[in-house]
Amino acid sequence: MAFCFCFGVLFLLSLRTASTLDVPTGVLQMECRERYFMIAVGLSFAGDKPRFEAVDSTGVHAITEEYAAECGYTISLLPVLGHVELRASYFSCHTNDADDEVFTFNFNLIVTRGGKQATYALNKTCTLSLPWSPREVTCEVNYMEVSVRSEATCPYEENGDSAFKPVLYSDWKVMFQRAEDQFLPMNLSEARKLGYVFSLTDERLVFRTPYEQPHSFSTEVNGVPVEVVHAVLFSRQSWVVLVVDLLAACSMHNGSYDGGYMMWETSELLHSLVSPLNETEVSIGVNGKLVEKKVAEERGYTVEKINTTLQVSIPYKAEGGYRKSFVSRDLYEYYVFRLYLEQISVDEAEIAARLRFHRIIVTPLLPCHIFTENQTLLRERAFTIYLGGVPEDVMLVSIQLNGQEFTLPLTNMSTYNLTEVLHPNGTHGYTLTVLFDDPVVKLQFSRKALALQHILNVNYTLAVQPGNEPYYHQTAVTALTRVSPPAFDANCSESSIHFKLDHRPFDYFWEIAIGSDVLTSDLANRRGYIMSNDSQSLQLDVPLFTNGYKYQNVTLKGFSGTFEILVRVRETSEVQTSTVKTCLFNPPEFIMCSTDGRVTVVANLSLPIPSGGSPAETSLKDKSCRPKDAAGTRALFSFAVNDCGAIIMLGRDSVTYRNEIIFSSVRNAENLSSRNRVMLQCTYTVAGLHALFSAYKFESETVGVGRIVRSNRIIEGPTVEPTSASTGHTARSVTIRPRYQPSAKYIKVSSFLKNLSNKGLKETSQVNVFTVI
Ligand SMILES: *[C@@H]1O[C@H](CO)[C@@H](O)[C@H](O)[C@H]1NC(C)=O
Ligand SMILES: *[C@@H]1O[C@H](CO)[C@@H](O)[C@H](O)[C@H]1NC(C)=O
Ligand SMILES: *[C@@H]1O[C@H](CO)[C@@H](O)[C@H](O)[C@H]1NC(C)=O
Ligand SMILES: *[C@@H]1O[C@H](CO)[C@@H](O)[C@H](O)[C@H]1NC(C)=O
Ligand SMILES: *[C@@H]1O[C@H](CO)[C@@H](O)[C@H](O)[C@H]1NC(C)=O
Ligand SMILES: *[C@@H]1O[C@H](CO)[C@@H](O)[C@H](O)[C@H]1NC(C)=O
Ligand SMILES: *[C@@H]1O[C@H](CO)[C@@H](O)[C@H](O)[C@H]1NC(C)=O
Ligand SMILES: *[C@@H]1O[C@H](CO)[C@@H](O)[C@H](O)[C@H]1NC(C)=O
Ligand SMILES: *[C@@H]1O[C@H](CO)[C@@H](O)[C@H](O)[C@H]1NC(C)=O
Ligand SMILES: *[C@@H]1O[C@H](CO)[C@@H](O)[C@H](O)[C@H]1NC(C)=O
Ligand SMILES: *[C@@H]1O[C@H](CO)[C@@H](O)[C@H](O)[C@H]1NC(C)=O
Ligand SMILES: *[C@@H]1O[C@H](CO)[C@@H](O)[C@H](O)[C@H]1NC(C)=O
């Protein structure tokens, strides 16, 4: 009985035979919905450009975009949900309709994978779950479809017989109306060419039209935009003229966004031709399925009736919708809700009409805030930066650390690290750790804070998936760490102390000083230090008896020598730290002439003392000045420079105090005074002795130069001479010279020096003033 009014012959038939391949389980989903087939194919299987063909007895029909809108198919690619969805109306052109009760849809799925096309022949049969209402309208995404009970269209009914049931014979004509305009009538083949489909099923008359057709018109009902196509079908059958008004009217509201809600509007009454109804019930659903009232309430879906306008509100993050990230210079997100709405018009306790909407509502681009948090803890000596608020469809693909690119995953985890942090709400984050000591971290010295600034600029490259659209997020972190002043390493050697300092890049902030003098190579030269300074380190060898030493605990067994290196802040000369090294030295012979005028000598007296004699039996010129200690062949003397019978010799720039060790045993007196005399002398610069002349107190600015003089050799003590810079010292600080040569050629004895000898040095028991010419 059913007559399907199809125009399939107008389209090229594909002769391709479908394979009998099976679609793997899990990727294909076919469901019967109230008024359509829902077919979903996983994109992982279907690729991103799957195609569909409808198959029926007339052939194979490719479902193109245009053809879909005309024939009742809707294809949606939903990458976020991971599938492509095909909705086929039960009244779509190539569905087999058995009594408007059982519908069978045969179709081909064509996927291209690895350059190869594969066709899968599929079918689905659905049995109606909900009886048809007298009038049903579907406002699909791409078309409007109206079906009316065909009996109802016929005002004449004779004894319940359906003899007058209209049949869409070729003599049917359609006349479109637009407001006041009337178009010329056309036959149904002509209408089909324009994209309109009329068909008569077992019990229903179906009319379908894509949007924005030449005969459609837009109007506004209570502020709601509505698109209307008004078709008047008529047929003259012998003496009866049948006229059917078919009206497709759908709300074309685009949706709006306000205060966290996505809103969409329609009207209870979409066209004046549709008779005003007693009551309207509205149900909301998502993705083509209604949800229960309770569930809708829980999710916050609401419908509000304002006069005759129905306003649907969906919280933008409500369950059922989905979000997507988007890069347009900045990172944005938008939310998509595939609204499904059913509007039931009840007329005198009978459902008169069902109106269904498939609408996609989208929020505007909302800024998406990716943030970084400085979680650095100085005591860990590492930067810790948390990149948070990263949406689930955004991945970190690489990072630039101070301009250096690192792709993920990071391979070298020794000094930097990246861990992903997942949150239950779908966002995720990344924790980056970079040690302060990593070579990639920039250093800057902060003079003010006396600290080192570690700087890390991070440029994150994030990719929005799918598509990998890049988005960059930058942050810069710094951390100040206090720096210790340079510290020397020091070692003792037999006759010197060795200092070493490994250079650091920021050491220029400090200067090195010995006493009050800054250590320069010039100073080192003048004082006899051996210095070498290269890019790696500074090395300083300080020979014994050079200027700067302090001696303590002098005994026959040796003495301790202490040398101090000061580290001063270059800008303020403030001493910040010092390295003090004390070494024990044990030369066989030595003489020290201290700044306070003390002579300390350990001399080997093996030559002057006759066999059987003892060094303990020796004395200085003044016989009361005896050794402090003696053992073996050596004796230790300690005395005031101008005491114990010293002879004072004045040079042009220097004063020399001379004494002699005498073997006091009477029986051998002449022996000592012959060849092997041991003379001790200390030479001070006149310039350094002004305290002597002003305060009559012996106080030299520098230590004196000591010498142990034998007739054939000199034992030299502190060697910093005012007149000549001394160099190379032998290990035992003993210099062998052929003959003693006084540095002064002549000296004038001035009256104040004569006074001096009487007043300033009055404790001396004996003073001899020589004039050397
Ligand atoms: C429909 O598909 C099933 C397998 O899913 C197959 O067995 C059956 O033959 C198909 N029917 C038609 C008419 O193609
Ligand atoms: C419809 O009208 C066109 C042009 O007026 C005509 O060529 C065609 O034969 C008609 N078709 C039918 C089925 O009447
Ligand atoms: C809906 O949006 C489209 C595209 O932005 C626009 O062209 C159209 O005019 C809008 N319709 C209404 C009724 O606002
Ligand atoms: C509802 O309709 C009445 C009467 O037409 C009008 O006065 C009122 O402003 C309307 N309310 C709204 C919210 O549009
Ligand atoms: C709606 O129908 C009910 C009975 O089903 C009736 O009582 C009521 O008056 C009607 N209302 C309108 C506005 O027609
Ligand atoms: C890892 O980093 C350390 C320190 O930066 C470096 O010494 C090492 O060579 C690196 N290893 C690799 C495999 O890159
Ligand atoms: C890197 O991460 C691992 C595991 O979380 C951790 O054991 C290691 O200490 C981290 N390395 C750095 C340099 O933070
Ligand atoms: C997601 O959870 C994390 C951790 O609880 C939170 O910091 C972040 O703000 C949340 N993001 C959103 C969009 O709710
Ligand atoms: C971050 O990296 C991207 C890609 O290399 C670059 O285009 C951008 O300018 C960088 N941003 C900054 C602030 O360096
Ligand atoms: C980051 O944290 C460190 C350690 O708490 C702090 O010194 C620094 O000032 C912070 N801010 C920036 C921008 O690096
Ligand atoms: C001191 O001696 C140690 C061990 O021999 C050596 O490692 C270090 O470099 C030396 N330091 C100096 C300043 O010579
Ligand atoms: C000198 O000797 C005393 C007593 O034996 C000792 O306490 C002190 O540490 C010594 N000084 C040095 C610099 O060796």
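Numbers here simply count residues along the sequence, with the first being 1. We count ligands from 1, going down the list as the structure has it; atoms in each ligand are counted the same way. These numbers were taken from a predicted model, which means no experiment stands behind them.
- For the residue pair His428/Glu420, the side-chain donor-acceptor check at 3.5 Å is satisfied.
- For ligand 1, the atoms sitting less than 4.0 Å from at least one non-hydrogen atom of Asn123 are 1 (C), 2 (O), 3 (C), 8 (C), 10 (C), 11 (N), 12 (C), 14 (O), numbered in the order shown with element in parentheses.
- When only modelled atom types and interatomic distance are considered, Glu136 and Ser147 share no side-chain donor-acceptor pair under 3.5 Å.
- For atom 2 (O) of ligand 1, the nearest protein heavy atom is under 4.0 Å away.
- Heavy atoms of Met186 found under 4.0 angstrom from ligand 2: none, in either backbone or side chain.
- No side-chain heavy atom of Tyr334 sits under 4.5 Å from any side-chain heavy atom of Cys368.
- Checked for salt-bridge contact, Arg192 and Glu190 miss the test: no charged N lies under 4.0 Å from a carboxylate O.
- For atom 4 (C) of ligand 8, the nearest protein heavy atom (residue, atom name, distance) is His423 ND1, 3.4 Å.
- For the pair Leu109/Val41, a side-chain contact is recorded, criterion being any heavy-atom separation below 4.5 Å from C-beta on.
- For Asn106, every heavy-atom contact with ligand 1 shorter than 4.0 Å involves the side chain, none the backbone.
- Every atom of ligand 2 with a heavy atom of Ser189 under 4.0 Å away is listed here by number and element: 11 (N), 12 (C), 13 (C).
- For ligand 8, the atoms closer than 4.0 angstrom to any heavy atom of Thr427 are 1 (C), 11 (N).
- In terms of polar-atom proximity, Asn425 is counted as a contact of ligand 8, with an N or O under 3.5 Å from an N or O of the ligand.
- At a distance under 4.0 Å, a protein heavy atom can be found next to atom 11 (N) of ligand 1.
- For atom 7 (O) of ligand 8, no protein heavy-atom neighbour is found at a distance under 4.0 Å.
- Using a cutoff of 4.0 Å between basic side-chain nitrogens and carboxylate oxygens, Glu140 and Arg87 are scored as salt-bridged.
- Applying the 6.0 Å contact sphere to OH of Tyr261 captures no more than 12 heavy atoms from other residues, nucleotides or ligands.
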